[in-house]
J.: 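First, the structure itself, so that you have it in front of you.
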Amino acid sequence: MADRRTATPHAAGRGTRARRALSLVPVVLVCAFLLLPLAVVALSSFNEGNNFRFPPSGLSLRWYAEVLGSTQWLDSLAYSLRVALLVVPVVVVLGTLGGYAMGAGTFPGRRALGLLFLSPMAVPGVMIGLALLYQLQGAGMVGSAEGLWLAHLVVTFPFCVRVVAVSAAALDPRLPRAARSLGASSVRTFLTITVPLLRPGIVAGAFLAAVISLGEVAVSVLVAGAGESTVPVRIYSAVQVQLEPSVAAVSTILLLVSVVTIAVLDRTVHVSRFL
């Protein structure tokens, strides 16, 4: 009897550890599925040969030097940054207002308005691009920076609204009421009380808008025209001819910028709670 009593807890402990190990298998497989392609691209960017190859035949930084010394890649990067810098401030203002209305509003039709705001997230990018192409072509804005700016505004707006709405839903409604009871106007209460409380969600929305704008392909290909092109459009055009390690180098640079940015934001405003 004593042997059975002492053996049972050990067997139960081994069974618990085995179940925990098995439960981690799907997590490991999903992480590997997501991260291994990124690792392959990053390692292939150091290939010294002229072909996109994994594992690399030799390690070299020649493709990073070629990208940083190429006027075409630098012009595309500058164009992408200009579009993102123009998109993000407008998206932040509109997304903050729309997200606050969705997360903290109590007016009739709030749910229908929220579905309308988030609808671009449920529509394939090609369909959005075709719709925008039709509208912008009628206005003579296809191939212009303004048309691309409007297209990226439509694509990034729902993501900013979503994260700000999550932040607004967690607000304590007593704080704005207390400010208004002390004589503050609705506008002053919103600017001095609500907006600072929404800061993590606003920063997360701005970050998502910038990342999505810098990485948008489907809409940009249809709207950008034959003039200046963003980095994703140039990458798409480059892989149609030959898959060179320079494409992997550009992709790795963009990936590193995104990782460093989100790490800094997470340390400062804990942005990962809203992503």
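Everything quoted here is computed from the prediction, not taken from an experiment. The analysis underlying the following values was restricted to heavy atoms, covering all of them including side chains, and did not include hydrogens, waters or symmetry mates.
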J.: Could you pull out all residues at least two apart from R174 that satisfy salt bridge (charged side-chain N to carboxylate O under 4.0 Å, His left out)?
T.: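 R174 satisfies salt bridge (charged side-chain N to carboxylate O under 4.0 Å, His left out) with D172 only.
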J.: Distance-only check: which donor-acceptor pairs under 3.5 Å involve side-chain atoms of residues 175-188, not counting sequence neighbours?
T.:
unit_1, atom_1, unit_2, atom_2, d
S181, OG, R177, O, 3.4
S181, OG, A178, O, 2.6
S185, OG, R188, N, 3.2

J.: Does anything in residues 82-94 form a side-chain hydrogen bond (donor to acceptor under 3.5 Å, both in side chains)? List the pairs, not counting sequence neighbours.
T.: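 Sorted pair list: R82-E228.
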J.: Residues two or more places apart in sequence or in another chain: which of them pass side chain to side chain donor-acceptor pair (under 3.5 Å) with Y79?
T.: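 Y79: no side chain to side chain donor-acceptor pair (under 3.5 Å) contacts found.
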J.: If a pair satisfies salt bridge (charged side-chain N to carboxylate O under 4.0 Å, His left out) and one of its residues is in residues 246-261, list it, with sequence neighbours excluded.
T.: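 Residue pairs passing salt bridge (charged side-chain N to carboxylate O under 4.0 Å, His left out), neighbours aside: none found.
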J.: Determine whether a donor-acceptor pair (N or O, by modelled atom type, separation under 3.5 Å) exists between the side chain of S80 and the backbone of V231.
T.: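 Here the side-chain-to-backbone pair exists.
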J.: Would you call M102 and L118 a side-chain contact if the rule is heavy atoms closer than 4.5 Å?
T.: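 Yes, at least one pair of side-chain atoms sits under 4.5 Å.
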J.: Applying the 4.5 Å side-chain criterion to the ILVMFWY set and letting contacts propagate, would I193 and V195 be lumped into a single cluster?
T.: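 Same cluster.
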J.: Using the test side chain to side chain contact (heavy atoms under 4.5 Å, CB included), find all partners of Q135 that sit at least two apart in sequence or belong to another chain.
T.: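 Per chain and number, Q135 pairs via side chain to side chain contact (heavy atoms under 4.5 Å, CB included) with no residue.
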J.: Can you hop from L191 to L97 via hydrophobic side chains spaced under 4.5 Å?
T.: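 Yes, same cluster.
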J.: Using the side chain to side chain contact (heavy atoms under 4.5 Å, CB included) criterion, which residues pair with S251? Sequence neighbours excluded.
T.: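 For S251 the side chain to side chain contact (heavy atoms under 4.5 Å, CB included) partners, ignoring immediate neighbours, are V41, I235, V247.
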J.: Of all residues at least two apart in sequence or in a different chain, which pass the side chain to side chain donor-acceptor pair (under 3.5 Å) check with T189?
T.: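 With sequence neighbours excluded, T189 shows a side chain to side chain donor-acceptor pair (under 3.5 Å) to no residue whatsoever.
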J.: Would you confirm whether S119, through its side chain, and L116, through its main-chain N or O, come within 3.5 Å as a donor-acceptor pair?
T.: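 Looks like yes, one N/O pair under 3.5 Å.
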J.: Rounded to the nearest 0.5 Å, what separates atom CD1 in I253 from atom CG in L68?
T.: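 Result: 5.0 Å between the selected atoms.
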J.: The criterion is side chain to side chain contact (heavy atoms under 4.5 Å, CB included); which residues satisfy it with V260, sequence neighbours excluded?
T.: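 With neighbours one apart ignored, the set is V264.
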J.: Would you please name every residue forming a side chain to side chain contact (heavy atoms under 4.5 Å, CB included) with V123, sequence neighbours left out?
T.: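 Scan of V123 (side chain to side chain contact (heavy atoms under 4.5 Å, CB included), adjacent residues dropped) gives M127, I128.
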J.: State yes or no: do M121 and L150 share one hydrophobic cluster built from I, L, V, M, F, W and Y residues joined by side-chain heavy-atom distances below 4.5 Å, directly or via other members?
T.: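 Yes, because M121 and L150 connect within a single hydrophobic cluster, where side-chain heavy atoms sit under 4.5 Å apart.
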J.: Considering all heavy atoms of both residues, which atom of P120 and which atom of P158 are nearest to each other, and what is their separation?
T.: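 Heavy atoms of P120 and P158 come nearest at CB-CG, 3.7 Å.
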J.: Does anything in residues 130-160 form a ring pair (Phe, Tyr, Trp, His ring centres under 6.0 Å)? List the pairs, not counting sequence neighbours.
T.: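 Checked against ring pair (Phe, Tyr, Trp, His ring centres under 6.0 Å) - neighbours excluded - the pairs reaching residues 130-160 are F117-F157.
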J.: To the nearest 0.5 Å, how far apart are CG in L214 and CG in L81?
T.: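 Taking CG in L214 and CG in L81, the distance rounds to 6.0 Å.
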J.: Drop me the distance from Y100's OH to T194's OG1, to the nearest 0.5 angstrom.
T.: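 Reported to 0.5 Å precision, the distance equals 4.5 Å.
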